[in-house]
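Just so it is clear: chains get the letters A, B, ... in the order the sequence lines come, proteins before strands, and each one is counted from 1. Nothing here was measured: the structure is a model prediction, and the numbers come from that model.
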Protein chains: 2
Amino acid sequence: MNWLTDAQLDSWLSVVRLMTWLPWSIDQQLRRDSGLGMVEYQVLAMLSESPRRIMRMSSLAEVTNASLSRLSHLVKRLEGRGLVRREPDPADGRFTNAILTDKGFKTLAGAAPGHVAHVRSLVIDVLSPEQLRRLGLAADRIVSRIDTSAID
Amino acid sequence: MNWLTDAQLDSWLSVVRLMTWLPWSIDQQLRRDSGLGMVEYQVLAMLSESPRRIMRMSSLAEVTNASLSRLSHLVKRLEGRGLVRREPDPADGRFTNAILTDKGFKTLAGAAPGHVAHVRSLVIDVLSPEQLRRLGLAADRIVSRIDTSAID
DNA sequence: GGCCATGACTTGACGCTTCAAGTAGCGGCG
DNA sequence: CGCCGCTACTTGAAGCGTCAAGTCATGGCC
């Protein structure tokens, strides 16, 4: 069978380490400083940037890369904490809209600076602009090869 | 506060997508084709490459980036499936040794080709050797900045 | 207009991870 | 030689994600 060369294996293992440690670190910082997990942060962030701070569950699921079921559970918890509200779309009752509350917005506003600073210190500031650009491009190439059709 | 430029944000979001989808895809393929999760695969792989197919729980935890508790649960499940045995280190009863069984080795041998082929098709083969090398280097730089002292 | 298929969630059970307490072997110190 | 503390796990409960099975509104087809 077609094994990997040493150099390929080294690079791959570096990527594996990145995949395991970087999300972990991001999550730690958010949880410690703001009591939010990474996906929860993403949900609040996406809501805050949308027109009336409203988004459909399905759109949210898509942009946060979460399954609809996961998102439903997660938003229910956020709702319990008063950071988000849910209501059926008035125009079409099949859709559910998630709405960022003021409390949710404030929580996000409190979390964002520390989060961005953390991302900066781990990723942005340790690479040259060119290195960062290339990293993003390589990531895009890889992600584009992934078959995400098997979801739901 | 010091926000990110558009280019920085783009690259960062690409990295976020990589972190969420790549592990997911690897896991899917392993589970579907071999009934193993990514960490389970790593555990079997590490054991198979060590001298007498024996490793201490703590060493395994370190190389697989799992907490000792997680590893303990996970190895217990692997033991239940007959892929691994556990016994206290004869020389120092505080250590526990995990030992790959023949069945475990066969399971790994069955899983490896598909796994490698998948990694190849998603990562190795879509980047030039130079791009792959740079990706690994960037990953290393980032990982080296992560403070892992807060574990256990 | 009634029925049925479909799409968009929601729910509950199960599995895995984490977190906080345990347990247990050994080395050291009095 | 007996206790003490440390290290290396193990365990049980609680939280989160996934999977399969609901629910419920709508749109189309007769």
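- For the side chain to side chain contact (heavy atoms under 4.5 Å, CB included) test, no residue two or more places apart in sequence or in another chain qualifies with B:Glu62.
- A:Trp24 and A:Leu18 end up in the same hydrophobic cluster when Ile, Leu, Val, Met, Phe, Trp and Tyr side chains are linked at under 4.5 Å.
- A:Thr96 has a side-chain polar atom (N or O) that falls below the 4.0 Å cut-off from OP1 or OP2 of C:dC9.
- Within the structure, every side-chain polar atom (N or O) of A:Lys76 is placed at least 4.0 Å from both OP1 and OP2 of C:dC9.
- Applying a 4.0 Å cut-off to non-hydrogen atoms, the residues of residues 44-59 of chain B that approach DNA chain D are B:Met57, B:Ser58, listed by residue number.
- Take B:Asp33 and apply the salt bridge (charged side-chain N to carboxylate O under 4.0 Å, His left out) test, not counting sequence neighbours, and it matches no residue.
- Connectivity analysis of hydrophobic side chains (ILVMFWY, heavy atoms under 4.5 Å, direct or indirect) links A:Ile54 to A:Ile99.
- With sequence neighbours excluded, the residues forming a side chain to side chain contact (heavy atoms under 4.5 Å, CB included) with B:Asp27 are B:Arg31, B:Met38, listed by chain and number.
- Partners of B:Arg145 under the side chain to side chain donor-acceptor pair (under 3.5 Å) rule, at least two apart in sequence or in another chain, do not exist in this structure.
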Which nucleotides of nucleotides 15-25 of chain C have their base under 4.0 Å from a protein heavy atom (B), which only their sugar-phosphate (S), and which neither (-), written as one string 5' to 3'?
-SBBB-----B
Anything under 3.5 Å between a donor and an acceptor, one on a side chain of residues 132-142 of chain B, the other on a protein residue two or more places apart or in another chain? List them.
unit_1   : atom_1 : unit_2   : atom_2 : d
B:Arg133 : NE     : B:Glu130 : OE1    : 3.4
B:Arg133 : NH2    : B:Glu130 : OE2    : 3.1
B:Arg134 : NH1    : B:Glu130 : OE2    : 3.4
B:Asp140 : OD1    : A:Ser14  : OG     : 2.7
B:Asp140 : OD2    : A:Ser14  : OG     : 3.4
B:Arg141 : NE     : A:Val126 : O      : 2.9
B:Arg141 : NH2    : A:Val126 : O      : 3.3

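- Within the structure, side chain to side chain donor-acceptor pair (under 3.5 Å) contacts touching residues 94-117 of chain B (residues at least two apart or in different chains) are B:Asp92-B:Arg94.
- The footprint of chain A on DNA chain D, defined by a heavy-atom cutoff below 4.0 Å, extends from D:dC16 to D:dG27.
- Listed by first and then second residue, the side chain to side chain donor-acceptor pair (under 3.5 Å) pairs involving residues 72-84 of chain A are A:Glu79-A:Arg86 (not counting sequence neighbours).
- Screening residues 35-55 of chain B for side chain to side chain donor-acceptor pair (under 3.5 Å) gives no qualifying pairs among residues at least two apart or on separate chains.
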